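Encoded as structure tokens, the structure appears first; notes follow it.
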Protein chains: 2
Amino acid sequence: MSQAHTSTEVATQKLREAILSGELLPGDKLHQDRLAEMLGISRTPLRAALTALAQKGLVSYASNRGFYVREFSFAEVSGAFEVRAELEALACRLAAGNMTDEARRHLADLVAEGDRLLSPGALLPENLADYRRMNVNFHTAVMALSGNAWIMEFVQSLHNVPAASDRVIMWRDFRVLERSHDDHHRIAHALSKGQGERAAALMREHITFALEHLHEQMKLYPQDFLRMPSFDKPAKGRSGQRNRRTT
Amino acid sequence: MSQAHTSTEVATQKLREAILSGELLPGDKLHQDRLAEMLGISRTPLRAALTALAQKGLVSYASNRGFYVREFSFAEVSGAFEVRAELEALACRLAAGNMTDEARRHLADLVAEGDRLLSPGALLPENLADYRRMNVNFHTAVMALSGNAWIMEFVQSLHNVPAASDRVIMWRDFRVLERSHDDHHRIAHALSKGQGERAAALMREHITFALEHLHEQMKLYPQDFLRMPSFDKPAKGRSGQRNRRTT
DNA sequence: GATACAGTTTTTGGATACATTTTATCCCAA
DNA sequence: TTGGGATAAAATGTATCCAAAAACTGTATC
């Protein structure tokens, strides 16, 4: 499947992965020479990749000063949820008018898969990745059904914000997980019946609740979020320089 | 005041202007050698600029095939309005809780300026630019007051879509202009009183109406939109190759 | 007359080299 | 000791050069 990709694209993808996976931490300086050598390419395609990621909001850039892994304030994370809630609610409103039998089936399948993954009464570690994928697919499916490509594009951007992503699953509290998945049930149900406003309201609540839960989790288990944006710092602080050389 | 800008940034800005002003038309091929020579820079910073603009959605890119000025379908333009309506409505809801006396005064000033510009009973050609600026400033001010930077960022992106921009003023029908400006009055009023939902509803209608009006204008004066996205074509058509060499 | 094909030309992608700016170091003076 | 400033070192921004890929052109063939 991987074919004829240009080095710039490969580098962009690798850097994106490294940032989203936490291999590169917010605030890290992105030295061009070192990174280029690590990736086995010259600085030209690397800079192209960095430029692209900067526009996409994953890295920050200052003239003559270079690129850094972007840091997000808690306000930005919180704001990302607000906007996501609104955009995905809009997606529901639009999707309700575009429902086909195939679409209904697709959503039902995703919901059923979630049921299956939660049926043991807990989210087993080996099911975490699948659940995550299912969750992403569900939200993506709704946005695709909306027929408005901007929604998908912007929500994708917001997924670059750590902790604001669908990828982040709060697996500690099973009750919360069940409730969240039940939202999916109800959203799929409402959409299938063409009830756009109802689905929109559910989706808005679904995402708003996720933010609230995230907030609580951050208070309960702050250590889980240490590798995340500068949550503890009030605004803009230079994060401690770490020596990372894990080839 | 403008100094110390890197040539990449200058090129990015110039290209953006050229595209948004219509100097470069959707579908135009962006030859690297020629553009670099025109701008008086080498291909390296030019490519950085193009890469940035590609991520921002102003130009499209295909590997080994180069950059083109992006073309938008009518569905995309229409979708841009939908999302804008939702995002700016959200901005109103949030801004209502952040109103200060200074903010109230700022909005009132902008509204008053609009009154002044419309007072002759028509939008005079020499006032067009000022009215445009006022309009942009009003919407920007509301988004800034929301305190959510994502809203501003995404709406800015949508302004890259031709005809979906605040810059585009429908000046033909003065009645419509008056009505639109009256919306500003009411939005500012509602916000000043902290009535977020009311302001949001007004803003949503304000923008939805703009789309509807655009649609009508396109039917009435199609020639005004010939230089715009491929509106007349159903989906993706190669726009006729024009020979443009107006140095 | 249209189409497929091969060779040429053009254009893009990437590597390297150079120029400019920023940052770090060190010395000296207050 | 601390501050300032000159100098050195490093990193970034840009230009140029080379390789690979695409597009173009003309010819031959059906």
Side-chain angles (χ1 to χ4, degrees), chain A residues 2-16 19 24-25 27-55 58-70 236-245, chain B residues 1-16 19 24 27-55 58-70 236-245:
Chain A
S2 62
Q3 41 131 16
H5 274 310
T6 176
S7 306
T8 300
E9 293 170 280
V10 177
T12 306
Q13 194 55 30
K14 283 191 181 175
L15 286 174
R16 163 194 289 286
I19 291 171
L24 292 167
L25 301 182
D28 276 1
K29 164 94 179 160
L30 297 167
H31 285 270
Q32 299 182 4
D33 282 326
R34 302 179 200 171
L35 269 182
E37 196 188 7
M38 282 186 206
L39 295 171
I41 58 178
S42 88
R43 272 177 53 210
T44 308
L46 172 67
R47 279 176 62 85
L50 289 173
T51 307
L53 292 174
Q55 298 301 325
L58 273 96
V59 310
S60 61
Y61 168 77
S63 315
N64 289 314
R65 219 170 277 186
F67 296 87
Y68 293 79
V69 179
R70 178 164 170 187
K236 55 178 302 182
R238 188 90 252 101
S239 73
Q241 313 293 31
R242 300 167 230 78
N243 306 350
R244 38 199 7 267
R245 218 75 191 78
Chain B
M1 71 200 271
S2 66
Q3 59 140 358
H5 273 308
T6 175
S7 22
T8 299
E9 293 170 281
V10 176
T12 306
Q13 194 55 30
K14 283 190 180 177
L15 285 174
R16 165 195 289 287
I19 292 171
L24 292 167
D28 276 1
K29 165 90 179 165
L30 296 167
H31 283 269
Q32 300 182 1
D33 280 328
R34 300 179 200 171
L35 269 182
E37 196 188 6
M38 281 186 205
L39 295 170
I41 58 178
S42 89
R43 270 178 52 212
T44 309
L46 172 67
R47 295 195 60 200
L50 289 172
T51 308
L53 292 174
Q55 298 301 324
L58 273 95
V59 310
S60 60
Y61 168 76
S63 316
N64 290 314
R65 218 169 280 185
F67 296 87
Y68 293 80
V69 179
R70 177 163 169 188
K236 56 179 299 185
R238 188 93 250 98
S239 72
Q241 311 294 30
R242 299 167 232 78
N243 306 350
R244 37 200 6 266
R245 217 75 192 80

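Below, chains carry the letters A, B, ... as their sequence lines are ordered, and counting in each starts from 1. All of these numbers come straight from a predicted model, not from anything done at the bench. FYI, side chains are in, hydrogens and waters are out, and symmetry mates aren't considered; it's all heavy atoms of this structure.
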| What distance do Lys29(A) atom NZ and Arg34(A) atom CZ have between them, rounded to the nearest 0.5 Å? | 9.0 Å
| task | Could you tell me the separation between the OG atom of Ser60(A) and the CG atom of Leu53(A), rounded to the nearest 0.5 Å? | result | 11.5 Å
| note | In this structure, OG1 of Thr51(A) is separated from OH of Tyr61(A) (nearest 0.5 Å) by 7.5 Å
| message | For Leu15(A), run the side chain to side chain contact (heavy atoms under 4.5 Å, CB included) check against Val69(A), Leu58(A), Leu35(A), Val59(A) and tell me which one passes. | response | Leu35(A)
| In Å, rounded to the nearest 0.5 Å, how long is the span from NZ of Lys14(B) to CD1 of Ile41(B)? | 8.5 Å
| remark: So NE2 of His31(B) and CE of Met38(B): to nearest 0.5 Å the spacing works out to 9.5 Å
| query | Contact boundaries of DNA chain C with chain A (under 4.0 Å, heavy atoms), 5' to 3'? | reply | dG13(C) to dT23(C)
| What is the minimum heavy-atom distance between Leu46(A) and Gln32(A), and which atoms define it? | CD2-O, 3.2 Å
| request: Give me the first and last nucleotide of DNA chain D, going 5' to 3', that has any atom under 4.0 Å from a heavy atom of chain B. | output: dG13(D) to dA23(D)
| Minimum heavy-atom distance between Ala54(B) and Phe67(B), given as atom pair plus value | CB-CE2, 4.1 Å
| request: Scan Arg43(A) against the nucleic acid and name what it touches under 4.0 Å (heavy atoms): base, sugar-phosphate only, or nothing. | output: base
| Closest-nucleotide ordering on DNA chain D, the 5'-leading residue of Leu30(A) and Thr44(B) | Leu30(A)
| Given DNA chain C, 5'-ward residue of the pair Gly40(A) and Arg65(A), judged by closest heavy atom | Gly40(A)
